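This structure is a prediction, so every number in the text was calculated from the model and none was measured. Atoms within each ligand, like the ligands themselves, are counted from 1 in listed order.
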Amino acid sequence: MRAVQITAFGEPSVLSVAELPDPVPGPGQITIDVSHAAVGLIDVFMRQGLFGDRPGLPRPPFVPGLEVAGTVRELGEGVTGFAIGEPVVSMSATGAGGYASISVADTALVASTQRYGIDPAVAVAVVPNAAMAHVALTRVAHLAEGESVLVQGALGGFSAAFPGIARRLGAARVVGTVRRGKLAAAAVTKLPYDTIVDSADLSGALGEEKFDVIVDPVGGDVRTHSLALLKAGGRLIVAGNAGGDWSHQVDTNQLWLTGTTVAGFNAGAYLPAHPQVVRPALEAALAAVAAGLGETEIDVLPFAEAVTAHERMERREPVGRIVLVPGEDSGRARLSAA
Ligand SMILES: NC(=O)c1ccc[n+]([C@@H]2O[C@H](COP(=O)([O-])OP(=O)(O)OC[C@H]3O[C@@H](n4cnc5c(N)ncnc54)[C@H](OP(=O)(O)O)[C@@H]3O)[C@@H](O)[C@H]2O)c1
């Protein structure tokens, strides 16, 4: 198979296209002929070696990538419910293996897109993240109908999956924040936010408004501001650290005094312990995306431009997601989920 490998921890230039042996599915697994592989900030962190010594995470050489879309290639022992050639989207259990023309997936983490007719670029860009948003909002934040939600970094790959799911769960108001440089993109997004405001001027834009649930994959000062924007009884979902402040601290006595909750959510830790939540979350995500609630921007690049993709992630250029395709001569396209 053709794949993009990380040959050593380091700069984007450690990514290179290689021919590797075709994988075969184990029991309970399928292989997928990959048409699209999503690029996430977590891939950048893993390439940089930020989590290099954590048990269970891959070390070089490895193929990065957590999410793929394509068609079922081969069924492993005991697999039922999937047919060869069926269009699917998948999350990875291992944090690796996505940037490849053939990917192995546990069927528990795979959903068929056949019934929904979703474009595979859109499916891979939005469905896995929307499934995680569903888990985070239902199981971690316990979002109730009529509540309000604030999403930090509103147009980021992971954040963009939240407003559609929050709407489907009955949120009464969904507000996003972006940095000033993304305000123009925020003005034209089709994502179902009520409003998107400048994260540097929250009080100017929101006055005294506070929120029942805040989603924060950014961290640092944004996390500190998030804590101050929670209603009593509000829940902050700590869902990432895109801003790169690894020393941020929370004062637990303030949580007591303000009557607020901070909950961490990381799919890699949560899902293996609660596998029963994956299937309903994937179904909810597919339905939300099919209903047009995941209309994020998607840039499509060939595997050969994986270095460019990571450089663009590091420069914080994308407004939405970058998706890689295995073909050598695939051009560039800009799609939006419609
Ligand atoms: N919990 C989970 O299961 C899960 C799943 C997926 C991702 N994640 C995590 O979520 C985080 C984001 O991942 P992603 O793939 O969505 O990345 P992404 O597409 O690059 O989005 C990052 C977002 O964070 C914003 N941001 C970055 N630095 C910032 C700063 N200093 N101040 C304010 N905003 C800032 C960006 O805004 P600009 O565009 O203005 O730079 C962008 O909206 C990562 O930490 C990733 O590991 C977690």
Side-chain angles (χ1 to χ4, degrees), residues 37-48 50-51 54 57 64-67 91-93 95 98 109 124-137 139-141 150-163 165 176-186 189 191 193 196-202 214-226 236-246 248 263-274 277-278 281 285 294 296-299 309-323:
V39 176
L41 200 57
I42 190 74
D43 308 341
V44 173
F45 292 160
M46 289 175 69
R47 191 210 74 229
Q48 291 168 336
L50 271 185
F51 312 125
R54 290 220 174 184
L57 289 182
L66 273 65
E67 302 136 337
M91 302 185 280
S92 151
L109 301 178
V124 79
V126 189
V127 171
N129 275 345
M132 293 309 91
H134 187 270
V135 176
L137 289 174
R139 307 279 305 195
V140 180
L150 180 73
V151 182
Q152 303 280 18
L155 303 181
F158 190 37
S159 293
F162 278 84
I165 296 295
T177 77
V178 291
R179 287 190 285 186
R180 202 150 288 167
K182 296 275 167 79
L183 280 172
T189 184
L191 290 169
Y193 289 106
I196 298 180
V197 299
D198 182 348
S199 59
D201 182 27
L202 291 181
I214 299 181
V215 180
D216 176 14
V218 177
D221 289 345
V222 168
R223 187 146 305 152
T224 303
H225 295 147
S226 295
L236 170 64
I237 309 175
V238 171
N241 192 24
D245 176 355
W246 296 96
H248 189 269
F265 175 70
N266 170 11
Y270 191 93
L271 297 187
H274 304 279
V277 304
V278 176
T296 193
E297 288 296 314
I298 301 166
D299 282 349
H310 275 223
E311 286 170 347
R312 291 185 55 201
M313 292 294 288
E314 290 189 351
R315 288 197 299 269
R316 305 273 186 244
E317 277 178 23
V319 180
R321 294 209 82 176
I322 298 177
V323 161

*asked:* Can you tell me how far apart CD (Gln152) and CZ (Phe158) are? Round to the nearest 0.5 Å.
replied: 14.0 Å

*List the closest protein heavy-atom neighbour of atom 21 (O) of ligand 1: residue, atom name, distance to the nearest 0.1 Å.*
Gly156 CA, 3.4 Å

*Evaluate whether atom CZ of Arg315 has more than 12 neighbouring non-hydrogen atoms of other residues, nucleotides or ligands under 6.0 angstrom away.*
yes

_With heavy-atom distances below 4.0 Å as the criterion, list the atoms of ligand 1 near Gly240._
9 (C), 10 (O), 45 (O)

*Any idea which of Arg312, Glu317, Arg179 brings a heavy atom closest to atom 28 (N) of ligand 1?*
Arg179

*Does an N or O anywhere in Ile42 fall below 3.5 Å from an N or O of ligand 1?*
no

*Does ligand 1 have any atom sitting under 4.0 Å from a heavy atom of Asn266?*
yes

*asked:* Counting C-beta onward and ignoring hydrogens, is there a side-chain heavy-atom pair between Thr177 and Val197 closer than 4.5 Å?
replied: yes

*Does atom CZ of Arg54 have more than 12 heavy-atom neighbours, drawn from other residues, nucleotides or ligands, at distances under 6.0 Å?*
no

*Look at atom 11 (C) of ligand 1 and say which protein heavy atom is nearest, naming residue and atom and giving the distance to 0.1 Å.*
Pro217 O, 3.5 Å

*Any idea which protein heavy atom is nearest atom 20 (O) of ligand 1, and the distance to it?*
Met313 CE, 3.8 Å

*asked:* Any nitrogen or oxygen of Ala267 lying under 3.5 Å from a nitrogen or oxygen in ligand 1? Just yes or no.
replied: yes

*Is the closest side-chain heavy-atom distance between Met313 and Pro318 below 4.5 Å?*
yes

*Which atoms of ligand 1 are found less than 4.0 Å from any heavy atom of Asn241?*
45 (O)

_Nitrogen or oxygen of Leu155 less than 3.5 angstrom from that of ligand 1_ = no

*Look at atom 22 (C) of ligand 1 and say which protein heavy atom is nearest, naming residue and atom and giving the distance to 0.1 Å.*
Ala242 CB, 3.7 Å

*Mind checking whether Leu41 has an N or O less than 3.5 Å away from an N or O of ligand 1?*
yes

*Min side-chain heavy-atom separation Pro64-Arg47 under 4.5 Å*: no

*When rounded to the nearest 0.5 angstrom, what is the spacing between CG in Leu57 and CZ in Phe45?*
13.0 Å

*What's the shortest distance from atom 1 (N) of ligand 1 to any protein heavy atom, and which residue and atom give it?*
Phe265 O, 2.8 Å

*CD/Glu67 to CG/Asn129 distance, rounded to the nearest 0.5 angstrom?*
5.0 Å

*Among Val218, Leu50, Val135, Leu183, whose heavy atom sits nearest atom 25 (C) of ligand 1?*
Val218

_Give the atom numbers and elements of ligand 1 that come within less than 4.0 Å of a heavy atom of Gly40._
15 (O)

_Quick one, Arg312 and Asp299 - any side-chain contact, counting heavy atoms below 4.5 Å?_
yes

*Give yes or no for whether the N/O distance cutoff of 3.5 Å, strictly under, is met between Lys182 and ligand 1.*
yes

*Assess Tyr270 for proximity to ligand 1: is some non-hydrogen atom of it under 4.0 Å away?*
no

*Leu137 and Ile237, any side-chain heavy atoms less than 4.5 Å apart*: yes

*Record the part of Val178 in heavy-atom contact with ligand 1 below 4.0 Å; permitted values are side chain, backbone, both and neither.*
neither

*In ligand 1, which numbered atoms sit nearer than 4.0 Å to a non-hydrogen atom of Gly157?*
16 (O), 18 (P), 19 (O), 21 (O)

*Taking the side chain as C-beta and beyond, is there a heavy-atom pair between Leu155 and Arg179 under 4.5 Å?*
no

*If you have a sec, work out which protein heavy atom is nearest atom 16 (O) of ligand 1 and how many Å separate them, to one decimal?*
Phe158 N, 2.7 Å

*Within the structure, does Phe45 bring an N/O atom to less than 3.5 angstrom of an N/O atom in ligand 1?*
no

_With nothing but distance in play, are any N or O atoms of Ser159 less than 3.5 Å from an N or O of ligand 1?_
no

*At a 4.0 Å threshold, what atoms of ligand 1 neighbour a non-hydrogen atom of Gly153?*
43 (O)

*Passing candidate, side-chain contact (heavy atoms from CB on, under 4.5 Å) with Arg223, options Leu236, Val218, Ile214*: Leu236

_How long is the straight-line distance from CG of Asp201 back to CG of Leu183, given to the nearest 0.5 Å?_
9.5 Å

*Among the heavy atoms of Ala239, does any lie under 4.0 Å from an atom of ligand 1?*
yes

*Heavy-atom distance under 4.5 Å between the side chains of Val278 and Met91, does that happen here?*
yes

